[in-house]
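We name chains A, B, ... by the order of the sequence lines, and we start the count at 1 in each one. All values reported here derive from a predicted model rather than from experimental measurement.
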Protein chains: 2
Amino acid sequence: MAFAPLDPLLHNQLRLAIVSLLVGVDSADFNFLLEKTSATRGNLSVQITKLKDAGYVTVKKTFKDNYPNTSCSLSAKGLKAFEAYVKAIKVYLGTGED
Amino acid sequence: MAFAPLDPLLHNQLRLAIVSLLVGVDSADFNFLLEKTSATRGNLSVQITKLKDAGYVTVKKTFKDNYPNTSCSLSAKGLKAFEAYVKAIKVYLGTGED
DNA sequence: CCTTCTTGTTTATTTTATAAACCTATTTAC
DNA sequence: GTAAATAGGTTTATAAAATAAACAAGAAGG
């Protein structure tokens, strides 16, 4: 198989980690993602915004115990994009079908 | 498993494609890589140089039928890095071991 | 010769990623 | 009750990277 282009939005370490975490779960809040990814707050904020702007994740801002709380979940579009990315990169890794 | 950092040198579409192509073969020349990756000459040249500078590929410049010919092959270091990269990214893809 | 083709390299421009600084509100300590 | 520290993020500035455009040097063809 040929090398299909890799979705540049997902072909980034932090954004891929975020989406990867969101795949298995209904929703995850900012601090959970922060801990799991070991990112800085700034970088995490920026990348979540990019994923939101692309329609890959939906973001809900509420208050939890008086503090602002940002909760993210993967959209159908995001899931589809992730699955396509996984399929595409497997070719590069030698893990996909010929 | 946690999200291990992804070797930035390999976490790039074109460089990953180059290395991926070199894994299966003894050596490959510039035009072969150019065709298989659909890259521009400039970009291919730059990325090969980066892989060479990192010691991931070795480059041999000769003349073939009177024309300059650049032949690349994967070094042991490059192969090792590629294998580590594959293992690392599988975690992100949900394909690796827990 | 002089134009075009081959095989690349170098330079310049645009994106992108990351970190540093900032902001708003809340809690805690005095 | 007010100063300092903490929580939860966002915005801005800087550094790094990717890509494309321009250039070069020899070969072939007319």
Side-chain angles (χ1 to χ4, degrees), chain A residues 3-22 27-54 56-73 81 85 89 92, chain B residues 3-22 27-54 56-73 81 85 89 92:
Chain A
F3 295 114
L6 299 173
D7 185 341
L9 212 62
L10 292 182
H11 195 61
N12 162 269
Q13 186 169 158
L14 182 50
R15 286 193 302 268
L16 188 60
I18 293 168
V19 170
S20 180
L21 285 166
L22 291 180
S27 79
D29 60 18
F30 193 93
N31 280 326
F32 175 82
L33 296 173
L34 191 66
E35 198 182 334
K36 290 290 183 183
T37 61
S38 314
T40 61
R41 292 177 198 287
N43 197 8
L44 184 58
S45 175
V46 168
Q47 306 311 333
I48 286 176
T49 298
K50 286 190 181 175
L51 290 170
K52 186 193 67 177
D53 289 349
Y56 284 10
V57 309
T58 58
V59 177
K60 224 180 255 182
K61 282 166 195 303
T62 59
F63 277 84
K64 194 174 179 180
D65 298 331
N66 280 339
Y67 285 111
N69 180 265
T70 299
S71 173
C72 307
S73 50
Y85 175 82
I89 201 170
Y92 292 73
Chain B
F3 295 114
L6 299 173
D7 185 340
L9 213 61
L10 293 181
H11 195 61
N12 162 268
Q13 185 167 159
L14 182 50
R15 286 193 303 267
L16 188 60
I18 294 168
V19 170
S20 180
L21 286 166
L22 292 179
S27 79
D29 60 18
F30 194 92
N31 280 327
F32 175 82
L33 296 173
L34 192 65
E35 199 183 332
K36 291 290 184 183
T37 61
S38 314
T40 61
R41 292 179 198 287
N43 197 8
L44 184 58
S45 175
V46 168
Q47 305 311 333
I48 287 176
T49 298
K50 285 190 182 177
L51 290 170
K52 186 194 67 178
D53 288 349
Y56 284 10
V57 310
T58 59
V59 177
K60 225 180 255 181
K61 283 165 194 304
T62 61
F63 277 84
K64 195 173 179 181
D65 299 331
N66 281 340
Y67 285 110
N69 179 265
T70 298
S71 173
C72 307
S73 51
Y85 175 81
I89 201 170
Y92 292 73

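What separates CD of A/Gln13 from C1' of D/dA16 is a distance of 15 Å, to the nearest Å. Straight-line distance from the CG atom of B/Leu44 to the P atom of C/dT10: 14 Å, rounded to whole Å. Taking atom CG of residue B/Leu16 and atom C1' of nucleotide D/dA17, one finds them 16 Å apart after rounding to whole Å. The separation between B/Lys61 atom NZ and C/dG8 atom C1' is 7 Å, rounded to whole Å. Taking atom CG of B/Asn69 as the reference point, atom C1' of C/dT6 lies 12 Å away to the nearest angstrom. Per the geometry, CG belonging to B/Asp65 stands 12 Å off C1' belonging to D/dA27, to the nearest Å. When rounded to the nearest whole Å, the span between CG of A/Leu33 and P of D/dA7 equals 18 Å. Between the CG atom of A/Leu9 and the P atom of C/dA17 there is a distance of 8 Å, given to the nearest Å.
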Close N/O contacts between protein and nucleotides 20-25 of chain C (under 3.5 Å):
none

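Residue A/Ser45 places none of its side-chain N or O atoms closer than 4.0 Å to OP1 or OP2 of D/dG9. Of the side-chain N and O atoms in A/Asn31, one or more sit less than 4.0 angstrom from OP1 or OP2 of D/dG8. Residue A/Asn12 has a polar side-chain atom (N or O) positioned under 4.0 Å from OP1 or OP2 of C/dA17. Here A/Lys50 reaches the OP1 or OP2 of C/dA17: one of its side-chain N or O atoms lies under 4.0 Å away. Remark: B/Thr40 is not in phosphate contact with D/dT19, judged by side-chain N or O atoms under 4.0 Å from OP1 or OP2.
Nearest-nucleotide positions on DNA chain C place B/Phe30 closer to the 5' end than the other of A/Pro68 and B/Phe30. The 5' end of DNA chain D is approached more closely, in terms of each residue's nearest nucleotide, by A/Lys64 than by the other of A/Lys64 and A/Val46.
Among the atoms of the strands shown, only primed sugar atoms or phosphate atoms (P, OP1, OP2) are found under 4.0 Å from some heavy atom of A/Thr70.
When side chains are defined from C-beta on, A/Pro68 does not count as touching A/Phe30, because their heavy atoms never get closer than 4.5 Å.
The minimum heavy-atom distance linking A/Leu22 with A/Cys72 is given by the pair CD2-O, 3.5 Å.
The distance from atom CG of B/Leu6 to atom CD1 of B/Ile89, rounded to the nearest 0.5 Å, is 5.5 Å. The line from OH of B/Tyr67 to CG of B/Asn31 is 11.5 Å long, rounded to the nearest 0.5 Å. Separation of atoms OG (B/Ser38) and CG (B/Asn43) is listed at 11.5 Å; rounding is to 0.5 Å.
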May I have the list of side-chain donor-acceptor pairs in residues 9-19 of chain A shorter than 3.5 Å, sequence neighbours left out?
residue: A/His11; atom: ND1; partner: A/Tyr85; partner atom: OH; Å: 2.8
residue: A/Asn12; atom: OD1; partner: A/Leu14; partner atom: N; Å: 3.2
residue: A/Asn12; atom: OD1; partner: A/Arg15; partner atom: N; Å: 2.9
residue: A/Gln13; atom: OE1; partner: B/Tyr92; partner atom: OH; Å: 3.2
residue: A/Arg15; atom: NE; partner: A/Leu9; partner atom: O; Å: 2.5
residue: A/Arg15; atom: NH1; partner: A/Gln47; partner atom: OE1; Å: 2.6
residue: A/Arg15; atom: NH2; partner: A/Pro8; partner atom: O; Å: 3.1
residue: A/Arg15; atom: NH2; partner: A/Leu9; partner atom: O; Å: 3.4

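Applying the salt bridge (charged side-chain N to carboxylate O under 4.0 Å, His left out) test to every pair with at least one member in residues 32-48 of chain A, sequence neighbours left out, gives no pairs at all.
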